[in-house]
Amino acid sequence: MALLQVRDLTVSFRTSDGLVQAVRGVSFDVQKGRTLGIVGESGSGKTVCTQTLLGLTRGAEVGGTAEFDGQDLLTMTSAQLRRVRGARIAAIFQDPLSSLHPLYRVGWQIVEMIRAHERVSKPAARARAIELLDLVGIPQAASRVDDYPHEFSGGMRQRAMIAMALALNPELIIADEPTTALDATVQAQVIDLLQRLRDEFDSALIIITHDLGVIADMADQVLVMYAGKAVEIADRRTLFYLPHHPYTQGLLESIPGSAGVNEKLRPIPGQPPSLINLPSGCAFHPRCRFVMDRCLTEIPELRTVERGHLSACHLPLDLTGLGSADDSARQQAADAGREKIG
Ligand SMILES: Nc1ncnc2c1ncn2[C@@H]1O[C@H](COP(=O)(O)OP(=O)(O)OP(=O)(O)O)[C@@H](O)[C@H]1O
Ligand SMILES: [Mg+2]
C-alpha cells in the first residue's frame, strides 16, 4: 500500500471576490522510498495541495481524503497533526527564513525540534544537531551550530532547514520549491543532498517545482497540475518521452534549452485561468492548440493511457508524444529532458 494516498482532494477559499477553487479533485499516491514530482505553472494549486495535507491552509474548505500510513490527515485533530508534522512528515519550503527563527541559534532550533517530539537529553540532542548539520554539508558544523540564521549564507540556511526537516527521520518529506532562491551550483548540491538522504533514510519525497530539469533529475512519478486539477500522471520517462496532455507537451516545449540553438522557445500562449471564473469544459481549452468542440463543454476525467499513465484530455489515447504541430520542436523538447534522464 502507498505511504500516502490522496483521493479527490478539493480545497477552496471564500474570498470577497468569490469562491477560489484552488484544488479541484486531485488524487495521487506516494510510495515509500520514491519521489513524486509536482509541476505546473504558478497558481496551479501545488502549494495549497500539499499544505492542506499538513493542516496549514487556514480558512479553507477541504474535501476528500489523504491517508498517511492508513490514517486520514484531513480528519485529524490539530493535536494529532502536530505530532505527525515534523516527526513523520517534514516540510521544506522555498524560504528558509519561514522555518528558521531569526532570533535563535540554528543548533538550538534543531535541538528544540528534536526535544519537542522525543525524550532525549539536551547534550544528546545537540550532538544530533551537529551530526545533522555535518550530514547536510555545513562546514565546521561543531562551531557553526551556534550561529544565528543570518550568519549563514542562503545555501547554508537551506541546508540547515533540510537538517531540521530530517532531525526526526520523517517517513515523508515535502519540499516546495526548495531550490528556487539558490544559484545553480548550490541548487544542484541541494537536489543531490535530498536524493542521497531519501535513499539513506528510505523516506518518500514530494518535490514541488516549476523546473522540469529538477523533475528529470529526481522524480520517479510526476503529477502535472493545471488550474487546480491533475491533468497528467506518469512515471518520469513516460512524461518526457510520451506525454499525452497538450499542457504537458507545452511545458516540455517551453523548457529553456529545449529548442535548438537557432529555435525560439515555444511558451504556452495565454495565461492560466482565474480560479474564481473557470472556463467551461476543460480549463485548458482556451490555450490548447488541439481544442475540439467537446472540450468547451465536457470536463475531461483522468483516463488511463497505459498502466500508471493517466491523462485528463479528450484527445484519443494513442496520441501520446505525437500531438505536436511541429514534430522537430517536440523532438528537441524531449531531448532536453532525455539528456538528463540518460
Ligand atoms: N488563503 C488563500 N485565500 C485565497 N486564495 C488562495 C489562498 N491561498 C492560495 N490561494 C489561491 O490558490 C491558488 C493556488 O495557489 P498555490 O499557492 O497552490 O499555487 P502554486 O501552484 O503553488 O503556485 P506557485 O508556483 O506560484 O507557488 C492561487 O490562485 C492562489 O491565489
Ligand atoms: Mg507554490
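Residue numbers run from 1 in the order of the sequence given. Counting convention: from 1, in listed order, for ligands and their atoms alike.
Looking at atom 25 (O) of ligand 1, its nearest protein heavy atom turns out to be Lys46 NZ, 2.7 Å. Atom 13 (C) of ligand 1 has its closest protein heavy atom at Leu275 CD1, 3.5 Å. For atom 22 (O) of ligand 1, the nearest non-hydrogen atom of the protein is Thr47 OG1, 2.8 Å. Of the protein's non-hydrogen atoms, the one nearest atom 16 (P) of ligand 1 is Val48 CG2, 3.8 Å. Of the protein's non-hydrogen atoms, the one nearest atom 23 (O) of ligand 1 is Gly43 N, 2.8 Å. When hydrogens are left out, the protein atom nearest atom 11 (C) of ligand 1 is Val20 CG1, 4.0 Å; that is the closest non-hydrogen contact. At the top of the distance list for atom 10 (N) of ligand 1, counting protein heavy atoms only, stands Phe13 CE1, 3.8 Å.
Neither Val291 nor Tyr247 shares a network with the other; the hydrophobic side chains, linked directly or stepwise wherever heavy atoms of I, L, V, M, F, W or Y lie under 4.5 Å apart, form separate groups for each. In terms of hydrophobic clustering, with Ile, Leu, Val, Met, Phe, Trp and Tyr side chains grouped at heavy-atom distances under 4.5 Å, Leu166 and Met113 are assigned to a common cluster. One hydrophobic cluster, built from ILVMFWY side chains closer than 4.5 Å, cannot hold both Ile299 and Met225; they sit in different ones.
Not a single N/O/S atom of Ser42, whether from backbone or side chain, sits less than 2.8 Å from the Mg ion (ligand 2).
Distance check on atom 30 (C) of ligand 1: every protein heavy atom falls at or beyond the 4.0 Å cut-off. Under the 4.0 angstrom criterion, atom 18 (O) of ligand 1 counts as having a protein heavy-atom contact.
Look at Arg144 and Asp134 and you find no salt bridge, because none of the NZ, NE, NH1 or NH2 atoms lies under 4.0 Å from a carboxylate O. Under a 4.0 Å N-O distance rule, the pair Lys46/Asp176 does not qualify as a salt bridge.
Side chains of Asn277 and Ser274: no donor on one and acceptor on the other come within 3.5 Å.
Not a single heavy atom of Gly40 sits less than 4.0 Å from an atom of ligand 1.
Around atom 26 (O) of ligand 1, the closest heavy atom drawn from Ser12, Ala227, Ser42, Ser274 belongs to Ser42.
Atoms of ligand 1 found under 4.0 Å from any heavy atom of Ala22, numbered from 1 in the order shown, are 12 (O), 13 (C). Contact atoms of ligand 1 toward His210: 25 (O) (distance under 4.0 Å to a heavy atom of the residue).
At under 3.5 Å, not a single nitrogen or oxygen of Thr15, backbone or side chain, sits near a nitrogen or oxygen of ligand 1.
Counting non-hydrogen atoms of other residues, nucleotides and ligands closer than 6.0 Å to CD of Glu306 gives a total of 12 or fewer. Residue Glu118 qualifies as enclosed at atom CD: its count of foreign heavy atoms under 6.0 Å is above 12.
Aromatic ring pairs are classed by plane angle as parallel below 30°, tilted from 30° to 60° and perpendicular above 60°; the pair His150 and Tyr148 is parallel.
Of all heavy-atom pairs between Leu242 and Glu232, the closest is O-OE2, 4.4 Å.
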